[in-house]
Amino acid sequence: ALNLLYNVNSRDETWQIDMFVREQWTDPRLQFDPSLWPSNYGTLRLPAGKTIWRPDTFFFNAVSCTTPIEQSTTLFPNGSLTWTRHQMCNFHSTFDLSDFPFDAQSFTIIRRSFAYPSTDVVVYHPNDTDGFLICFYADPFI
């Protein structure tokens with residue numbers, strides 16, 4: 001979820017966003033029966049620092065990214081996990097200023113997996129109503 005677009009720099013062709021990144025995947029080995037837990041909420045919050053497999057995705061066209069606050073991982077009974085984190089990133093992309101000052105820019109975010117091919121990690125944006133085009137080049141560095 002996009003919080004803020006700021007520091008658009010046409011000279012350096014950079015821009016910054018403040019966002020929440022949410023990734024979801026399923027690991028059948030982590031399935032559980034929610035009735036066995038006293039809270040019976042139906043989900044479990046995994047403590048920070050617990051070692052579980054997480055996607056190794058990153059923003060390919062990011063100049064820098066910081067994660068200023070804690071991350072949250074939620075486990076569902078069917079083994080699905082949701083990993084949410086707050087990130088502030090500085091991105092680079094080419095600006096088309098040929099119609100300046102009446103131009104419109106499209107800021108592209110490129111998401112990749114460092115080690116996994118597109119057959120193992122499929123990344124998609126659940127909706128495109130945020131006004132951003134998210135491109136994913138799934139194959140690792142070729």
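The nearest pair of heavy atoms linking Asp56 to Ser113 is OD1-OG, 2.7 Å. For Pro55 against Trp25, the heavy-atom pair with the smallest separation is CD-CZ3, 3.4 Å. Nearest approach of Gly42 to Pro77, heavy atoms of both residues: O-CD, 2.8 Å.
To the nearest 0.5 angstrom, Leu30 atom CG is 8.0 Å from Leu46 atom CG. Separation of atoms CG (Asp12) and CG (Asn7) is listed at 11.0 Å; rounding is to 0.5 Å. Going from atom CD1 of Ile17 over to atom CE of Met88 covers 11.5 Å, rounded to the nearest 0.5 Å.
With sequence neighbours excluded, no residue forms a side chain to side chain donor-acceptor pair (under 3.5 Å) with Thr14. For Ser80, the side chain to side chain donor-acceptor pair (under 3.5 Å) partners two or more places apart in sequence, or in a different chain, are Thr26, Asn78. Under the side chain to side chain donor-acceptor pair (under 3.5 Å) criterion, Thr94 pairs with no residue, sequence neighbours left out. In this structure, Ser64 has no side chain to side chain donor-acceptor pair (under 3.5 Å) partners at least two apart in sequence or on a different chain. Under the side-chain contact (heavy atoms from CB on, under 4.5 Å) criterion, Asp99 pairs with Asp103, not counting sequence neighbours.
Looking only at side-chain heavy atoms (C-beta outward), Thr82 and Thr43 stay at 4.5 Å or farther from each other. In this structure the side chain of Arg54 reaches within 4.5 angstrom of the side chain of Ile52, judged on heavy atoms.
Sequence neighbours left out, the pairs with a member in residues 71-92 that pass ring-ring contact (aromatic ring centres under 6.0 Å, His included) are Trp15-Phe91, Phe20-His86, Phe59-Phe91. Applying the disulfide (SG to SG under 2.5 Å) rule to pairs touching residues 80-110 yields Cys65-Cys89, sequence neighbours excluded. For residues 26-37, the set of pairs meeting the salt bridge (Lys or Arg N to Asp or Glu O under 4.0 Å) definition, not counting sequence neighbours, comprises Asp27-Arg29. Screening residues 79-93 for salt bridge (Lys or Arg N to Asp or Glu O under 4.0 Å), with sequence neighbours left out, gives Glu23-Arg85.
Clustering ILVMFWY residues whenever any of their side-chain heavy atoms sit less than 4.5 angstrom apart, transitively, puts Val63 in a cluster other than the one holding Val21.
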